Every structure is written in C-alpha cells, then in structure tokens.
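Report on the following structure.
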Amino acid sequence: MSRSYLFIPGDVPRMLQTLDVFEADAIIIDFEDAVSLHQKDEARVLTHTFLSYYNFIKPEIYIRINSHLDYDLFKKDLETIKGLNIKGIVLPKTSTEALYQIEHLYDELSINFPIIGLIETPHAFFELENIARHSLIEGLLLGAEDLTRALSINRTLQGDEILFARTQVILAAKSFNKFAIDTPFTDVHDSKGLAIDTQKSAQLGFDGKASIHPNHVSIINDILSPTQALIDESKRIVHQSETLNSIRFSLDGKMIDKPVIERAKNILDKAKRYNKL
C-alpha cells in the first residue's frame with residue numbers, strides 16, 4: 001500500500017531513468033493514455049530493457065497496460081512484461097469481462113501479476129462488488145477524467161460531481177480488504193487546490209492518490225501520512241491497552257474500545273511504513 005502513485009510515460013527515457021528520484025511511493029509506467037499509438041512499440045522496448053537491467057524495491061513499479069478493448073495492444077503489453085520484476089499492473093476500464101480476458105492471457109503466458117483496477121466507466125460501478133472481490137485485484141483506482149467524460153459532465157475544483165464515485169470505490173475496496181486510490185488532481189500548477197483535494201481524499205478514506213506530475217508527490221505524501229499528533233495519540237492508546245490488558249477503558253475522558261485500538265494500531269503501522277516512527 002502506497003500514498004503516492006505517479007504516472008510516467010513509458011516512451012520517455014529520461015523519465016524512466018530518474019523514476020527513483022521522484023519520491024513517489026509507487027510509479028505507474030504508462031503504456032496507455034500517455035503514449036501515442038505510433039509510440040506504443042517504443043514504450044514496450046524501452047520499459048522492458050530498462051526494467052530488465054534495473055531492479056527496484058522502492059519505489060514500487062506498476063505498468064498501466066492498454067485496455068482489453070484494444071486486444072492486440074493488450075496482449076502485446078502482457079507479453080512484454082512477462083518476467084519483469086514489477087509489483088503489478090494497472091488495468092484500464094476494469095470490468096468483469098476485462099478480468100475474464102486477463103485471466104485467460106495470464107494462463108496462456110504463465111504470469112500472475114496483482115492488478116490495480118482502474119474504475120473509469122459508468123458500467124464498472126454496476127460490477128464493483130465482483131471486481132473488488134476478484135482474487136487478482138489488490139486495489140481500486142478511480143479514473144475521474146474518463147468517467148466524467150463518459151457522463152458528459154465537467155470536473156470542478158470542489159469535486160462534488162465525483163463524490164458518489166469516490167465513496168463507491170472506497171466502500172467496494174474496503175469491503176474486500178483492498179486498498180483505494182483516488183483520482184489525480186489535474187492542475188499541475190495549483191498546489192493549494194491539490195492540497196485541498198488530497199485532504200478530501202484522506203477524509204473520505206482513500207489510502208493513496210495518483211498524480212500526473214512529480215511536483216504533486218510531496219504534498220500527497222505529507223497529507224496522506226499520519227500526523228505527529230495522531231501518532232502520539234495512537235501510541236498512548238496502544239500502550240494503555242497493553243498496560244491494562246483491556247480493550248475497553250477511558251483515556252483523557254474518552255471511552256476507548258476495540259475499533260479505536262485497532263485504528264490506533266493501523267496508524268502506527270502506517271507511520272512505520274512511511275518512516276514516521
């Protein structure tokens with residue numbers, strides 16, 4: 001599970017060569033929207049050559065392949081990534097049909113990468129439960145640009161038009177113990193707007209947020225990390241629970257029970273993961 005997922009185009013050598021300096025927890029090398037049709041082959045060759053030579057523990061590496069609706073590109077992408085040391089793939093236009101097709105190709109190619117399902121079509125919301133419960137799915141990523149385009153509505157800074165979509169993705173992911181990743185904030189020059197949008201992501205319950213520009217990464221990482229005050233409070237809660245050997249007690253006039261203790265432990269786990277503890 002990561003805080004920041006930075007998309008970079010797979011056909012730009014300088015971006016690939018510097019992917020470990022962007023401070024993102026995860027990098028998504030893009031074979032789809034960021035790469036024009038005549039550059040698809042070049043993206044595959046460059047990425048395969050680069051990742052065959054370099055192995056990364058951090059950041060985690062994902063590859064966004066082309067959609068199953070472009071089957072030839074879809075299959076070529078999967079053939080390209082076979083044998084690479086990557087964390088998983090990002091599957092565009094995720095649906096039960098897309099998962100059926102990818103299972104078939106996984107069997108044919110003897111690969112088994114975990115999948116982040118990109119939820120970006122109206123139809124996907126009618127299949128969210130089946131998508132989220134699928135064994136290959138490790139997380140769900142909201143794709144608000146394609147979704148709002150399909151709905152013929154405009155994106156706004158407030159994001160009211162995608163609130164329902166956001167909550168549905170979170171509820172589906174958390175119902176099956178998968179992680180939820182919020183859609184990118186697309187104005188690369190509006191740091192204040194990004195901070196507001198990321199605060200909303202955190203308040204709604206997203207575990208991470210995608211980004212399309214390296215300048216967004218530090219803001220996302222900061223906001224989606226536990227604050228020092230929250231870490232200190234969580235330490236006290238866990239310590240008191242262990243000292244009293246109890247899952248029900250009072251602390252600073254507040255009643256503490258099992259869900260609060262579990263949340264405190266999760267916060268401390270996150271703090272350790274992000275080197276905040």
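Everything numeric here is computed off the predicted structure, so don't read it as measured data.
- Using a distance-only test at 3.5 Å, with no hydrogens or angles considered, a donor-acceptor pair links the side chain of K178 to the main chain of A132.
- Two residues are said to be in side-chain contact when any heavy atoms from C-beta on lie closer than 4.5 Å; D182 and V169 fail this criterion.
- Distance alone, capped at 3.5 Å, is enough to place a donor-acceptor pair between the D187 side chain and the H189 backbone.
- Judged by distance alone, with hydrogens and angles left aside, the side-chain atoms of S2 form no donor-acceptor pair with the main-chain N or O of S4 at under 3.5 Å.
- The local environment of CZ in F56 is crowded, with over 12 non-hydrogen atoms from other residues, nucleotides or ligands closer than 6.0 Å.
- Remark: the H123 side chain and the T121 side chain contain no N/O donor-acceptor pair separated by less than 3.5 Å.
- For the pair D197 and K209, the salt-bridge criterion is met [side-chain N within less than 4.0 Å of a carboxylate O].
- Applying the 6.0 Å contact sphere to CG of N177 captures no more than 12 heavy atoms from other residues, nucleotides or ligands.
- Side-chain N/O atoms of S218 and E23 include no donor and acceptor closer than 3.5 Å.
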- Query: Can you check side chain to side chain donor-acceptor pair (under 3.5 Å) on Q199 and Q203, steps first, answer last?
  - Reply: CA-CA 6 Å; Q199 287 283 5; Q203 290 166 356; 4.6 Å; no

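- Side-chain contact between L105 and Y71 is present, with heavy atoms from C-beta onward closer than 4.5 Å.
- With hydrogens and angles disregarded, a donor-acceptor distance shorter than 3.5 Å links the side chain of K82 to the backbone of L109.
- Heavy atoms of other residues, nucleotides or ligands lying less than 6.0 angstrom from CZ of R133 number more than 12.
- The pair D146-K93 counts as a salt bridge, with a side-chain nitrogen and a carboxylate oxygen less than 4.0 angstrom apart.
- When side chains are defined from C-beta on, D25 does not count as touching P59, because their heavy atoms never get closer than 4.5 Å.
- Summarising the local packing, OH of Y100 is surrounded by 12 or fewer heavy atoms from other residues, nucleotides or ligands at distances under 6.0 Å.
- A cation-pi geometry, defined here as NZ or CZ lying under 6.0 Å from the six-membered ring centre and within 45° of its normal, does not hold between R64 and F31.
- For D207 and K174, the salt-bridge test passes: some basic side-chain N is under 4.0 Å from an acidic carboxylate O.
- A distance of 10.5 Å separates CD1 in I81 from CD1 in I29, rounded to the nearest 0.5 Å.
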| request: Walk me through it: do T186 and R155 pass the test side chain to side chain donor-acceptor pair (under 3.5 Å)? | output: CA-CA 10 Å; T186 56; R155 290 289 310 277; 5.3 Å; no

| message | side-chain contact (heavy atoms from CB on, under 4.5 Å) for F185 and I196? Distances and angles first, verdict last. | response | CA-CA 10 Å; F185 183 77; I196 293 170; over 6 Å; no

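- T94 contributes a side-chain N or O that, together with a main-chain N or O of L118, makes up a donor-acceptor pair within less than 3.5 Å.
- Side-chain N or O atoms of T167 include one that pairs as donor or acceptor with a backbone N or O of F164 at under 3.5 Å.
- In this structure, D70 contributes its side chain and L73 its backbone to no donor-acceptor pair below 3.5 Å.
- Contact record, A24 with L6: CB-CB, 3.9 Å, taken as the closest heavy-atom pair.
- A salt bridge does not link R149 with D33: every distance from a Lys NZ or Arg NE/NH1/NH2 to an Asp or Glu carboxylate oxygen is 4.0 Å or more.
- Ring geometry for F113 versus Y106: interplanar angle over 60°, hence perpendicular rather than tilted (30 to 60°).
- Side-chain contact between L51 and I86 is present, with at least one heavy-atom pair separated by less than 4.5 Å.
- The shortest distance between side-chain heavy atoms of D77 and I63 does not fall below 4.5 Å.
- Residues D257 and F249 form no side-chain contact, since every pair of their non-hydrogen atoms from C-beta on lies 4.5 Å or further apart.
- A donor-acceptor pair shorter than 3.5 Å cannot be found between the side chains of N130 and T96.
- Salt-bridge annotation for D20 and K58: absent, with no side-chain N of the basic residue lying under 4.0 Å from a carboxylate O of the acidic one.
- The existence of a salt bridge linking E262 and K258 is excluded, since no basic side-chain nitrogen approaches an acidic carboxylate oxygen closer than 4.0 Å.
- The shortest distance between side-chain heavy atoms of I162 and T148 falls below 4.5 Å.
- Residues E108 and K75 are in side-chain contact: their nearest non-hydrogen atoms beyond the backbone lie under 4.5 Å apart.
- Ion pairing of R44 with E79 is absent here, as no side-chain N (NZ or NE/NH1/NH2) approaches a carboxylate O to less than 4.0 Å.
- With hydrogens and angles ignored, the 3.5 Å screen pairs no side-chain donor or acceptor of S241 with any backbone N or O of I237.
- Smallest separation of non-hydrogen atoms from L84 and S52: CD2-OG, 3.6 Å.
- Without hydrogens or angle criteria, K200 side chain to Q158 main chain gives a donor-acceptor distance under 3.5 Å.
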